[in-house]
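Structure record follows, encoded as structure tokens.
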Amino acid sequence: MNRLARETSPYLLQHAHNPVDWYPWGEEALQRAKDENKPILVSIGYSACHWCHVMERESFEDPSTAEIMNRNFINIKIDREERPDLDHIYMDAVQAMAGSGGWPLNVFLTPDKKPFYGGTYFPPINAHNRPSWKEVLNGIDRNFRENREQVDAQAQQVLEHLGKANQFGLQPLQADIPFEEKFTRAQLEKAFEQVMGQSDQQWGGFGRAPKFPQTFTIQYLFRYYHFTHDRRALDQAVLSLDKMIMGGIYDHIGGGFARYSTDTEWLVPHFEKMLYDNALMVEVLCEANQITGNPIYARVVREILAFAERELMSEEGGFYSALDADSEGVEGKYYVWSKDEVSFVLGADAEWFCTIYDITEEGNWEHNNIPRLKQWPTETDWEKIDNCRHKLLAAREKRIRPLLDDKILLGWNALMNIAFSRASAALGDQHYREVAKKNMAFLFRSMVDDKSGKARHTYKNGVAKFDAFLDDYAFLIRSLTALQEITGDTVLLDKALICMERVVGGFSDEEGLFFYYTHQDQHDVIVRKKEIYDGAIPSGNAVMACNLLYLSILFHNTEWKERAVSLTDAVSQMAVRYPTSFGVWMNLLQEWVRGTWEIAIVGKTAPEMAEQLLKEYIPNRVIQFTTTENERFPLLKGKILSDLTTLFLCRNYSCQKPVNRTVDFVQLLERELQSSRKGIQYPE
């Protein structure tokens, strides 16, 4: 075994028996590269990555290839999910050098960690217009020895490029522009038309294959419809969700979404299942259920969360990271079916079930079948369908399972915590609230210090390691506020406040505007990046801007609100032009334009009133409830208890006449919404 045998990451442990002399990223490997004046090969992947497994089998398990690597390079393996900071840096470098990126990511560094050459998957022999891996290794070795000055110059150019690309937000803003001119309805309309221009209006989603869920863009469409009643927005959002739910990207037998679809119709997924994708899908499906009242969305939410509890939740209360795409070395083998297999399990119901789920003798993918719906079942079909799926799931669980990536990541757990909180609110399900509470208790017991706010990024087998990154804190703060909304527990807000102060103090850039991805005390990266685009997960800076606004209202911190305004202002032009890459920013911009509702519920039955109200679709809102008088929080201050529980609708702490029934409150909101659609602004 090599040095990776001492690691906890399932991905690194997969490579522990390679003949390659792998190191984990750390001082031992980096110092050896300097001492021996050798180039560093950094190979980055993750446990659920199909092509990572392919390259391991073809090259890293081959003794002759390993001999070249061990003789000429210091070889470092990185789990991109453990060290997303390094992955971001070296992915940007490879994209700049090669024009594209992906995983496995293979990048060559000088002994001082500067990248000078890289690519993704390399085959063992010349194929697909790609050089073989041995040719690359020998060429890099020769070039490093014979043209060292040229290599160093190239590395310096790449480093300078990374530095320039990271200067975003350091330019001064035009501070003299009035607030009402910074963010306008015209911007929202332009962004909406941009989104519609990229929409697939036949199969849903945005852009061409491969197609990703892009839940942030769907949320933008929901909000746009809510405030404008432009039916096109609702239709495209619903079409996108419906086609994904019906397609093979959704696991119709066991619940849960795969990471993306390789085709336009959402039939053939890349079969890996990631925790974060399913968390984000739950949140947008809850909104779909609230807006449309369509029970299919509640059904899918319940199926996803059942999958998460059954297959991804530890006894301690944490959520594991992912399920592999492969089993028995074959992508998707665990999830596909022959018609004969279905017939054997279901017997007399098989033909009926196969008709509904497009299962045929010839198969719909590589002579096998990926279950999918071509049309919605009738309402009376679902009970019978559930019975069949239960039998198929039991049969499937006897197969050899895909590898479970059982490391627990703080940020991804926070996203799933939000999902359970949102589901509890939208569906009125107290079990989901208890799961969220259990998970949050685990995070603060195992990964976060609630006194200092210092957090760790990853946890496994009782060990938490690697300082948390911006995304971890951003999602954690948001999960604390979401859980507070369904519990009324203000201790959660105190924890959010402590975490926010740590982020502001340790992640802010030199201008005090954007946030770096890494804390100022972390010194093993060649550049501190600032991530502003949404990727598979939302931008940490975008979520932090949302957190700044939310907590500025709860704690009446005008400095945080001004920073949130400035952050949104700094990206607004790009966000409006490229809204599918800035979905979270666009939702925040929409909130600046439409305003934020401040909702306070005070009285003995406040928890019950809040539970009723949270089932409604009310975007752009902050909500607190209490059964006792509370003078600490501005939103609750001065709200006197009476015999009847009272609901207050406010803006800037200025409240309308309170009401005592949720139905009256919802009607009040609807009147305000109708007024805003007519262009009448709510008085400040």
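Heads up: numbering here begins at 1 and tracks the sequence.
- With respect to the salt-bridge test (charged N to carboxylate O, under 4.0 angstrom), the residues Asp386 and Arg299 qualify.
- Counting only N and O atoms by type, the side chains of Tyr459 and Glu316 include a donor and acceptor under 3.5 Å apart.
- Between the CG atom of Leu636 and the CG atom of Asn630 there is a distance of 5.0 Å, given to the nearest 0.5 Å.
- Annotation: side chain of Leu234 is not in contact with side chain of Tyr224 (no heavy-atom distance under 4.5 Å).
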With salt bridge (charged side-chain N to carboxylate O under 4.0 Å, His left out) as the test, would you mind laying out the steps for Asp449 and Lys495 before giving the verdict? CA-CA 9 Å; Asp449 181 76; Lys495 293 179 177 181; over 6 Å; no
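- Atoms OG and CG, on Ser479 and Leu415 in that order, are 8.5 Å from each other to the nearest 0.5 Å.
- With respect to His226, the side chain to side chain contact (heavy atoms under 4.5 Å, CB included) criterion is satisfied by exactly one of Asn620, Ile618, Leu673: Leu673.
- Ser321 is listed as a side-chain neighbour of Glu81, based on a closest heavy-atom distance under 4.5 Å.
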Let me have the donor-acceptor pairs involving side chains of residues 538-545, under 3.5 Å, with sequence neighbours excluded, atom names and distances please.
from   : atom 1 : to     : atom 2 : distance (Å)
Ser539 : OG     : Glu531 : O      : 3.3
Ser539 : OG     : Ile532 : O      : 3.3
Ser539 : OG     : Asn541 : N      : 3.3
Ser539 : OG     : Ala542 : N      : 3.1
Asn541 : OD1    : Phe515 : N      : 2.8
Asn541 : ND2    : Phe515 : O      : 3.0
Asn541 : ND2    : Glu531 : O      : 3.0

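- No close placement of the His519 and Phe469 rings is indicated, their centers lying 6.0 Å or farther apart.
- Asp467 is listed as a side-chain neighbour of Lys454, based on a closest heavy-atom distance under 4.5 Å.
- The two residues Trp560 and Asn557 have their closest heavy-atom pair at N-OD1, 3.0 Å.
- Below 30°, between 30° and 60°, or above 60°: for Phe420 and Phe319 the angle between ring planes is below 30°, a parallel geometry.
- Ion pairing of Arg422 with Glu485 is present here, as a side-chain N (NZ or NE/NH1/NH2) and a carboxylate O approach within less than 4.0 Å.
- You'll find the side chain of Ile245 reaches within 4.5 Å of the side chain of Leu285, heavy atoms only.
- Between Lys182 and Asp569 a salt bridge is recorded (basic side-chain N to carboxylate O distance below 4.0 Å).
- Aromatic ring centres of Tyr473 and Phe507 lie closer together than 6.0 Å.
- Ion pairing between Glu501 and Lys451 fails under the 4.0 Å rule for side-chain N and carboxylate O.
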Could you go through Ile553 and Leu549, starting from their C-alpha distance and side-chain angles, then the distance that decides it, and tell me whether this counts as side chain to side chain contact (heavy atoms under 4.5 Å, CB included)? CA-CA 6 Å; Ile553 295 170; Leu549 172 59; 4.1 Å; yes
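- Val565 has its side chain within reach of Phe183: a pair of non-hydrogen atoms, C-beta onward, lies under 4.5 Å apart.
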Does the pair Ile408 and Lys460 meet the rule for a side chain to side chain contact (heavy atoms under 4.5 Å, CB included), with working shown? CA-CA 6 Å; Ile408 293 172; Lys460 185 179 174 183; over 6 Å; no
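- The OG1 atom of Thr662 sits 12.5 Å away from atom CG of Leu668, with the distance rounded to the nearest 0.5 Å.
- With no hydrogens or angles considered, a side-chain donor-acceptor pair links Asn439 and Asn413 at under 3.5 Å.
- Between Leu497 and Leu551 there is no side-chain heavy-atom pair separated by less than 4.5 Å.
- Lys407 forms no cation-pi arrangement with Tyr320, by the criterion of a distance under 6.0 Å to the ring centre and an angle within 45° of the ring axis.
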Decide yes or no on side chain to side chain contact (heavy atoms under 4.5 Å, CB included) for Met313 and Val435, but give the supporting numbers first. CA-CA 10 Å; Met313 193 171 192; Val435 173; 3.8 Å; yes
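- Relative to the ring axis of Phe648, Lys657 does not place its NZ or CZ within 45° and under 6.0 Å from the centre.
- Salt bridge status for Glu287 with Arg223: present, with a side-chain N to carboxylate O gap under 4.0 Å.
- Using a cutoff of 4.0 Å between basic side-chain nitrogens and carboxylate oxygens, Arg302 and Asp429 are scored as salt-bridged.
- You'll find the ring centres of Phe633 and Phe555 inside the 6.0 Å limit.
- Side-chain contact annotation: Thr568 with Trp585, donor-acceptor N/O pair under 3.5 Å absent.
- Atoms CZ and NZ, from Arg389 and Lys384 in turn, are 15.0 Å apart once rounded to the nearest 0.5 Å.
- Distance check: Phe625 CZ to Thr490 OG1 gives 10.5 Å after rounding to the nearest 0.5 Å.
- A heavy-atom distance below 4.5 Å is found between the side chains of Asp471 and Tyr517.
- A 4.5 Å side-chain heavy-atom check between Met586 and Gln187 finds every atom pair outside the cut-off.
- There is a side-chain donor-acceptor pair under 3.5 Å between Gln430 and Arg433.
- From Ile537, atom CD1 reaches atom CG of Asp277 across 10.0 Å, with rounding to the nearest 0.5 Å.
- Tested against Ile601 for a side chain to side chain contact (heavy atoms under 4.5 Å, CB included), the candidates Thr646, Thr627, Ile623 yield a single pass: Ile623.
- The minimum heavy-atom distance linking Lys604 with Thr645 is given by the pair N-OG1, 3.5 Å.
- Between Tyr250 and Phe257, the ring planes lie tilted relative to each other; the angle falls in the 30° to 60° range.
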